[in-house]
Amino acid sequence: EEPNASLRFNTLIYSGIFNSRTGVNNTNVFSVADNITKSVDPVNGSIQKLYAEDTNLTIFQEQKISTALIDKDAIYSAEGSGTAVTQQNLVIGQIVPIYGKYGISKDPTSFAVYGGYKYFTDKNNSVVLQLAGKSLKEISAFNMIDYFRDTLGDTINVGGIQGTILGGWDIHNKQYVLNLKRNNVSFPYDNSYQTLSWDDSVKGWTSFYTYNPDNIFSLRNNFYTIHKAAIWKHYEGVRSNYYGVQSNSSITFVFNPVPNTCFVYCIKIIS
């Protein structure tokens with residue numbers, strides 16, 4: 001409606017403080033006299049998610065991940081070393097990009113966190129990532145490169161209609177659970193989905209599941225999903241029974257299917 005308005009998709013803005021102890025609520029106050037905005041590089045797309053951790057803020061753009069200091073700034077000496085300096089009037093300090101051309105695309109719902117590890121997908125690069133501190137790791141590269149390249153790159157967008165990527169942490173089994181829906185708009189509960197889990201203890205993708213959740217979360221020591229507005233508690237009752245539907249479990253072993261057969265190669269040296 002305003003002719004001079006612009007959408008700053010790469011900029012953060014912060015309001016006044018909220019203090020529940022004193023009753024001060026200035027969350028609707030944006031002082032134009034103060035520098036209350038902080039921008040990241042617009043080349044890397046819009047800001048999709050923010051995650052605050054201790055005194056740092058992780059900023060997830062479509063094609064880049066950065067960290068920013070909270071309530072402090074860093075002053076660099078001539079030698080390049082940094083020293084954190086507390087400033088009372090500073091909310092978002094210096095923004096430092098994390099190495100690597102990775103982001104969260106437009107799927108902030110794929111984000112999950114446990115301890116110091118953060119998990120999310122980058123559909124633009126067809127990878128699943130783990131962020132620990134400032135170290136990024138492609139966990140989709142552990143024997144699943146082809147699967148995620150095909151699924152994230154092609155299957156998740158069908159007929160021009162965007163699907164959804166849903167991530168969550170299973171605190172019961174200590175696993176990152178990832179749900180991929182091909183088309184969540186027209187057919188939200190059809191069979192065009194995949195649900196699988198990553199286990200850090202074995203550094204691999206351990207299981208495929210038959211359930212198709214709308215949300216994933218953990219509370220205390222229990223793992224829950226939401227399906228059709230109903231909360232389902234996992235790891236109770238009959239195994240392989242999800243949302244009242246019984247399925248069969250199976251285990252696939254990955255090894256030589258013919259152990260009695262060996263292959264011998266002869267190398268002839270020609271001199």
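When reading the values below, keep in mind they use all heavy atoms of this one structure, side chains included, and skip hydrogens, waters and symmetry mates. The structure displayed is predicted, hence computed values, not measured ones.
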> Are Phe217 and Trp232 connected in the hydrophobic side-chain network, where two residues link if heavy atoms are under 4.5 Å apart?
Replying inline: no

> Any side-chain heavy atom of Gln61 within less than 4.5 Å of one from Val40?
Replying inline: yes

>> Ring centres under 6.0 Å, that's the criterion: do Tyr51 and Phe111 meet it?
In response: yes

>> If only side-chain N and O atoms count, and only distance matters, is there a donor-acceptor pair under 3.5 Å linking Tyr119 with Asp200?
In response: yes

>> For the aromatic rings, using the six-membered ring if either is Trp, is the centroid distance between Trp205 and Tyr147 under 6.0 Å?
In response: no

>> Could you measure the distance from the NE2 atom of His227 to the CD1 atom of Ile216? Nearest 0.5 Å is fine.
In response: 12.5 Å

>> One pair to check against side chain to side chain contact (heavy atoms under 4.5 Å, CB included): Ile59 and Leu50. What are the steps and the verdict?
In response: CA-CA 5 Å; Ile59 304 170; Leu50 302 174; 3.9 Å; yes

> Where do Leu57 and Thr67 land on the side chain to side chain contact (heavy atoms under 4.5 Å, CB included) test, with the steps shown first?
Replying inline: CA-CA 5 Å; Leu57 181 69; Thr67 59; over 6 Å; no

> Do Ile171 and Leu219 come within less than 4.5 Å of each other through their side chains, counting heavy atoms only?
Replying inline: no

> What are the two closest heavy atoms between Ser218 and Phe223, and how far apart are they?
Replying inline: OG-CD1, 3.6 Å

>> Show, in sequence, the C-alpha distance, side-chain angles and deciding distance for Asn212 and Lys181, and conclude whether the side chain to side chain contact (heavy atoms under 4.5 Å, CB included) test is met.
In response: CA-CA 8 Å; Asn212 184 17; Lys181 293 182 176 65; 3.1 Å; yes

> Does the side chain of Ser240 come under 3.5 Å of the side chain of Ser247 through a donor N or O and an acceptor N or O?
Replying inline: no

> Do Asn179 and Tyr209 have side-chain N/O donor and acceptor atoms under 3.5 Å apart?
Replying inline: no

> Honestly curious: do Tyr117 and Met144 fall in one hydrophobic cluster under the side-chain, below-4.5 Å linking rule?
Replying inline: yes

>> Testing the 3.5 Å rule here: is there a donor-acceptor pair between the side chains of Tyr243 and Thr225?
In response: yes

>> Regarding Ser105 and Asp107, do their side chains bring together a donor and an acceptor under 3.5 Å, going by distance alone?
In response: no

> Would you say Ile13 has more than 12 foreign heavy atoms packed within less than 6.0 Å of its CD1?
Replying inline: yes

> Please walk me through it: do Thr206 and Ser197 pass side chain to side chain donor-acceptor pair (under 3.5 Å)?
Replying inline: CA-CA 6 Å; Thr206 56; Ser197 61; 3.3 Å; yes

>> Show the nearest heavy-atom pair for residues Ala68 and Gly93, with the distance to one decimal.
In response: CB-O, 4.4 Å

> Does the side chain of Lys49 reach to within under 4.5 Å of the side chain of Thr58, using non-hydrogen atoms?
Replying inline: no

> If you round to the nearest 0.5 Å, how far is OG of Ser110 from CG of Leu166?
Replying inline: 9.0 Å

>> Can you tell me how far apart CG (Leu152) and NZ (Lys123) are? Round to the nearest 0.5 Å.
In response: 8.0 Å

> Which value, rounded to the nearest 0.5 Å, describes the distance between Asn173 atom CG and His234 atom NE2?
Replying inline: 11.0 Å

> Does a sphere of radius 6.0 Å around CG in Asn19 hold more than 12 heavy atoms from other residues, nucleotides or ligands, not counting ones at 6.0 Å or beyond?
Replying inline: yes

>> Could you check whether any side-chain heavy atom of Thr121 comes within less than 4.5 Å of a side-chain heavy atom of Val127, counting everything from C-beta outward?
In response: no

>> Checking side-chain polar atoms at under 3.5 Å, does Ser39 have a donor or acceptor matched by the opposite partner on Arg8?
In response: yes

> Is it true that the side chains of Glu138 and Tyr102 contain a donor and an acceptor less than 3.5 Å apart?
Replying inline: yes

>> Between Leu69 and Thr55, is there a side-chain heavy-atom distance shorter than 4.5 Å?
In response: no

> For the residue pair Pro213 and Thr195, what are the closest heavy atoms and their distance?
Replying inline: CD-OG1, 4.0 Å

> Can you hop from Phe148 to Ile139 via hydrophobic side chains spaced under 4.5 Å?
Replying inline: yes

> Which of these, Phe208, Phe142, Trp169, sits in a ring-ring contact (aromatic ring centres under 6.0 Å, His included) with Trp198?
Replying inline: Phe142

>> If I compare all heavy atoms of Ala52 with all of Ile70, which pair ends up nearest, and what's the gap?
In response: CB-CD1, 4.4 Å

> How many angstroms lie between atom NE2 of His172 and atom CG of Asn222, to the nearest 0.5 angstrom?
Replying inline: 7.5 Å

>> According to a hydrophobic-cluster definition based on side-chain heavy atoms being under 4.5 Å apart (Ile, Leu, Val, Met, Phe, Trp, Tyr only), do Val91 and Ile17 belong together?
In response: no

>> Please check: side-chain N/O of Lys137 versus main-chain N/O of Ala132, any donor-acceptor pairing under 3.5 Å?
In response: no

> How far does CD1 of Ile47 sit from OG of Ser66, to the nearest 0.5 angstrom?
Replying inline: 8.5 Å

> Among all residues two or more places apart in sequence or in another chain, which pass the salt bridge (Lys or Arg N to Asp or Glu O under 4.0 Å) test with Asp54?
Replying inline: none

> Can you name the salt bridge (Lys or Arg N to Asp or Glu O under 4.0 Å) partners of Lys101, sequence neighbours left out?
Replying inline: none

>> Give me the atom names and distance for the closest heavy-atom approach of Ser140 to Ser126.
In response: OG-O, 4.4 Å

> Going by heavy atoms in the side chains, are Thr37 and Tyr14 under 4.5 Å from each other?
Replying inline: no

>> Val113 vs Tyr176, test: side chain to side chain contact (heavy atoms under 4.5 Å, CB included). Steps then yes/no.
In response: CA-CA 9 Å; Val113 60; Tyr176 171 58; over 6 Å; no

>> So Gln94 and Lys38, do their side chains get closer than 4.5 Å, heavy atoms only?
In response: no

> Taking all atoms of both residues into account, what is the closest heavy-atom pair of Glu53 and Gly115, and its distance?
Replying inline: OE2-O, 3.9 Å

>> Does any part of the side chain of Phe120, heavy atoms only, come nearer than 4.5 Å to the side chain of Gln48, both counted from C-beta?
In response: no

>> Side-chain heavy atoms nearer than 4.5 Å, only ILVMFWY residues, links allowed to pass through others: does that put Val128 and Tyr114 together?
In response: yes

>> If you count heavy atoms of other groups shown closer than 6.0 angstrom to NZ of Lys174, is the number above 12?
In response: yes

> Run the side chain to side chain donor-acceptor pair (under 3.5 Å) check on Asp170 and Tyr235 step by step: do they pass?
Replying inline: CA-CA 11 Å; Asp170 180 357; Tyr235 307 109; 2.3 Å; yes

> Backbone N or O of Ser46 within a donor-acceptor pair of the Asn10 side chain at under 3.5 Å?
Replying inline: no

